[in-house]
Amino acid sequence: MTRTALALALFAGPLWQSKGRFVLSLAAIALGVALGFAVQLVNQSAINEFTQAVQTLSGSADLQIVGPRAGFDEREYARIARLPEVAVASPVVEVDARVIGRRESLRVLGLDVFRAGLVQPDLVATDAADSLDTLRPDTIFLSPAAAEWLGVATGDRLRLQVALGETTFRVAGIVRGGQGRVAFADIAGVQAAFDRLGRLSRIDLRVRPGVDVGALRSRLAAELPAGVQVERPEANVERGASISRSYRVNLNVLALVALFTGGLLVFSTQALAIVRRRAQLALLRTLGVTRRALVATLLGEGLLVGAIGAALGLAAGYALAQAIVHVTGLDLGAGHFRGVEPSLVLDPAAAGLFFVLGVAVALVGSFFPALDAARAAPAAALKSGDEQRAFERLTPVWPGLAVFVAGAIGTALPPVAGLPLFGYVSIALLLIGAIMLMPRAAVVFFGLLRMPRAAGLRLAVAQLRGAPGQSMLSLATIVAAVSLLVSMAIMVASFRASLGTWLDHVLPADVYLRTTGAGDSGFLTPEDQANIARVPGVRRADFVRAQNVLLAGDRPPAALLARSVDPSDPGRLLPLVGASIVPGPGAPPPVWVTEAMADVYGFTLGRVVEIPIGGRLERFTVAGVWRDYVRSQGAVLMERDRYIALTGDRNANDAALWLAPGVDAGAVKDALRDAVPGGENLDVADPGEIRSRSLQAFDRTFAVTYALELVALVIGLTGLSSSFGALVLARRREFGMLRHVGMTRGQIGTMLAAEGMLVSALGLLVGLALGFLISLILIHVVNRQSFHWTMDLAVPWMPLVIFSAAMLAAASLTALFSARQAMTDDAARAVKDDW
Amino acid sequence: MLSIRGLAKSYAGPRSRTVLSGIDLELAPGEYVAVMGESGIGKSTLLNLVAGLDRPDAGSVALDGTELTTLNDDALTRVRRTRMGFVFQAFHVLPYLTVAQNVALPLLLVGAAAPAADARVTAMLAAVGLADRAASRPRELSGGELQRVAIARALVHAPRLVLADEPTGNLDPDSATQVLELLRREVKRGDAAGILVTHSHAAARTTDRVLVLTASGLRPA
């Protein structure tokens with residue numbers, strides 16, 4: 001027998017003895033790592049695909065001149081192309097064109113093939129049979145992904161919406177270098193086809209060798225018209241990624257909830273295992289194992305659980321990510337990466353990170369029980385029955401309180417790089433603090449109970465009163481899972497209710513129409529608008545023009561909406577948060593901005609701001625802040641007449657129609673399609689339909705979060721089962737004694753069921769209370785800092801009551817099922833056994 | 001070899017009580033003493049203080065000239081590891097190790113080389129009559145056999161001091177007799193000193209000297 005063999009036996013022996021719990025801890029870590037890794041892989045692959053697509057489109061450009069959706073004057077190109085610092089200037093017109101017969105849009109890039117060939121050569125390397133096709137106004141080239149998605153091949157026709165009409169292109173070839181779902185055509189053809197004559201979306205610049213790019217950028221920035229930015233191509237990537245960053249980070253955090261709950265399971269499993277092994281560990285201390293060596297051994301067990309669990313989790317996570325991409329796409333159904341081709345890329349760095357995370361969580365979960373074991377007095381622990389004493393000990397209240405208070409303080413801290421990191425940390429601290437305070441909560445809760453008469457129930461209450469530490473170990477995972485699920489349920493219910501109220505406010509008309517549900521190629525000409533207003537039954541038509549404005553180079557564009565607004569009563573149209581003002585005489589005219597504009601750009605009530613419109617910086621007064629759940633990047637609403645005066649743009653995108661009394665909305669919807677040329681391309685709906693579609697989209701978005709929360713709940717229930725079973729095993733001698741003095745199996749069963757129900761009730765109460773607190777953080781901190789919108793608290797009482805009842809039943813049954821073993825053991829042997 | 005002077009221990013709490021007061025004891029090498037006394041008088045507490053598993057409120061405990069009361073926990077642990085052996089009433093044999101592995105545990109902790117350790121374990125098992133049970137698991141052994149394993153473990157590393165706390169408390173009379181004889185023989189053979197805490201007069205008679213622990217201290221029986 002070698003020393004190594006003995007040391008191995010000493011290490012592995014306890015693990016083998018409790019292999020069920022060892023496997024359970026493994027599974028919890030594996031599940032947590034799998035979920036986190038899967039979500040991270042999907043998010044990272046989406047960003048990588050997006051980045052590659054953007055980089056391909058940017059080619060070798062050193063700088064990009066970017067304008068709003070409406071574009072900028074193409075005369076800028078002529079001026080910039082002639083600059084001595086510029087080697088090549090490649091003009092681009094970019095249109096998000098709705099595909100006729102589909103609800104999605106296709107990104108169409110109009111390129112000057114000669115210039116683009118020097119800056120983005122991958123985009124002009126085609127398999128065109130006739131090279132002149134790259135110059136024809138009616139031909140189009142597709143990326144491989146676009147061709148596959150559309151189901152078209154070279155020679156086929158592709159119909160795209162323009163205004164309410166359509167334009168047809170002949171597919172002339174496939175651009176092998178094109179990334180994502182994108183199409184390329186001659187720039188003049190695109191300008192003509194999509195009514196962009198004289199306008200450009202972008203100019204890609206390659207500078208001459210030796211030119212100071214930074215200095216050129218600064219100079220161009222000073223010379224360009226208002227609302228046109230000059231930036232490095234990387235900024236485009238950053239801007240695009242930032243649109244979805246909050247959503248992706250929130251998903252990552254949610255996925256990590258499962259890992260967090262898994263860590264708590266490891267904690268409670270380790271803690272209970274150490275209680276059971278109390279005498280063995282005391283023997284080792286007596287024989288000469290130092291505290292440090294004992295802690296190292298116990299941490300080694302945690303390390304083993306973490307390493308094996310994390311490895312399994314990575315494999316499972318990759319498989320899960322594949323399944324997710326197959327079902328929902330790379331954006332997990334949220335629609336942030338339309339046009340990005342779903343293909344998963346295994347990222348070794350992410351795999352390494354989640355492996356380390358899994359190991360770390362298991363180690364942290366094992367650390368405090370290990371420390372506790374090392375601190376235990378060996379002399380007392382060697383005595384039979386000392387396990388109970390381990391639960392009797394009440395730890396000081398201040399560490400748990402301190403952690404709880406730290407969590408509360410964290411909610412007041414600002415976002416970090418636009419992310420509510422302190423909010424997340426606060427939630428974790430509140431959870432940990434609450435779990436640390438569970439023994440105290442148990443003392444109070446069980447102390448309030450009246451002592452029942454029946455023997456089984458009486459013993460149950462006495463046991464729970466005398467062993468507050470037992471509650472913490474039993475309930476750590478269930479409190480975490482319940483509170484997180486309850487908080488999400490309250491947040492989602494509040495969000496849904498607020499969304500419903502918001503929809504009721506912003507949809508006061510009888511019929512709504514929009515020119516395209518996807519993309520920006522559809523619009524209503526003044527003639528279309530007149531035709532719509534003349535449709536029989538239409539009493540009033542309110543048209544909206546939707547554009548965007550670039551206010552900062554490192555941020556996505558904000559929406560610019562132009563519609564009729566009564567400045568003296570904007571609240572009739574807009575769901576204002578707070579008061580509104582009417583600018584005084586001589587003050588700049590009013591605009592009404594969303595909460596995101598106030599948070600991100602500082603557009604607060606009463607402030608005079610400058611907004612680039614029509615190539616000039618115009619001054620406005622912020623006359624009100626309104627709530628908007630559609631445009632998380634921010635929106636500015638201005639009076640349509642003023643917009644037309646500044647830009648000359650009389651087109652519109654959407655319309656709200658009020659009907660005459662007694663007019664059938666269905667008949668008007670049919671008439672719209674007939675009376676307006678191109679009316680079949682109108683998306684017409686009544687408020688009920690829009691409301692229903694919006695709420696369905698909302699539910700779809702949160703389906704993933706519900707799935708993640710349910711996983712955490714399963715881990716929580718499993719943790720409760722495991723903990724309760726371990727506790728019962730630790731008390732076998734007690735049950736043996738009770739059987740000796742005459743308690744029936746049934747009475748012991750009642751006792752255990754009562755203990756399970758009471759402990760579960762405590763866990764549920766704490767989980768509900770904590771869940772409510774965390775929901776407030778989710779609503780007022782995480783959501784606000786992530787997406788810049790507010791919502792009103794709405795607690796879903798009935799679902800919570802039903803959930804509580806179901807949880808109590810499930811937890812009690814779980815506890816009783818796990819305790820059955822105590823009723824099958826031979827009582828005499830249990831009393832005799834040393835261990 | 002073991003020198004105890006003025007040892008005292010009290011336990012604080014709602015009902016604080018003085019367990020030991022003014023305890024003096026001198027133990028020479030090879031001397032084997034019994035400590036008797038009524039239940040709750042502090043016999044096990046005395047053993048715990050000698051073993052360094054608890055701290056006295058006053059007094060000194062010196063083993064081979066080393067003052068134990070001034071050592072920190074790690075140092076006390078190392079003293080236990082190298083110079084003490086323990087036999088408990090509840091045996092405390094690790095259920096997931098074989099008999100041989102249990103006996104070898106102290107040798108693992110002191111870092112003994114494998115060949116020498118193996119030889120020592122074999123010899124100890126033979127001495128306690130369990131040579132043919134080396135590969136058995138504890139659950140396969142009777143109470144008496146388990147206690148013999150514990151004795152072998154307590155002596156395998158040739159400790160200077162053996163502490164036995166009610167080693168026959170869980171045994172039938174025949175097994176108890178065998179275990180007591182074995183314990184005395186092996187303590188003497190190793191020229192160690194031994195303290196046997198017991199309620200049993202029969203057990204006490206197997207020692208060289210019997211002391212009685214009372215509220216006023218330790219006195220000869």
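Below, chain A is the first sequence line, B the second, and so on; all start at residue 1.
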- Results of ring pair (Phe, Tyr, Trp, His ring centres under 6.0 Å) for B:Phe88 - residues two or more places apart only: B:His92

- Identify the residues of residues 130-137 of chain B whose heavy atoms come closer than 4.5 Å to a heavy atom of chain A, ordered by number, or report 'none'. none

- Task: Return the minimal non-hydrogen interatomic distance between A:Gln17 and B:Pro95, and the atom names on each side.
- Result: NE2-CG, 3.4 Å

- Item | Interface moiety of B:Arg139 toward chain A, non-hydrogen atoms closer than 4.5 Å | neither

- Min side-chain heavy-atom separation A:Leu6-B:Leu107 under 4.5 Å: no

- Item | Exceeds 12 heavy-atom contacts within 6.0 angstrom, atom CD of B:Glu38 | no

- Could you tell me which residues satisfy salt bridge (charged side-chain N to carboxylate O under 4.0 Å, His left out) with A:Arg291, sequence neighbours excluded, listed by chain and number? B:Asp73

- Over all heavy atoms of both residues, which pair between A:Ala9 and B:Leu97 is shortest? Give the atoms and the distance, please. CB-CD2, 3.6 Å

- Side-chain contact, heavy-atom cut-off 4.5 Å: A:Leu10 with B:Leu94? yes

- Query: Which answer fits B:Ala154, side chain, backbone, both or neither, if we ask what part of it has an atom under 4.5 Å from a heavy atom of chain A?
  - Reply: neither

- Query: Stepwise, does the side chain to side chain contact (heavy atoms under 4.5 Å, CB included) test hold for A:Leu284 with B:Leu109?
  - Reply: CA-CA 9 Å; A:Leu284 291 175; B:Leu109 293 172; 5.7 Å; no

- Message: Tell me which of these, A:Thr286, A:Thr290, A:Val289, has more heavy-atom pairs under 4.5 Å with chain B than the rest.
- Response: A:Thr286

- Is there a donor-acceptor pair closer than 3.5 Å between any side-chain N or O of B:Arg80 and the backbone N or O of A:Leu287? no

- Message: Atom OH of residue position B:Tyr11 - does it have more than 12 heavy atoms of other residues, nucleotides or ligands inside 6.0 Å?
- Response: yes

- Choice from A:Ala12, A:Ala282, A:Ala7, A:Pro14 maximising heavy atom contacts with chain B below 4.5 Å: A:Pro14

- Message: Is it true that B:Thr77 and A:Arg285 share a donor-acceptor pair across their side chains at a distance under 3.5 Å?
- Response: yes

- If contact means a heavy atom pair closer than 4.5 Å, which residues of residues 48-56 of chain B contact chain A? B:Asn48, B:Leu53

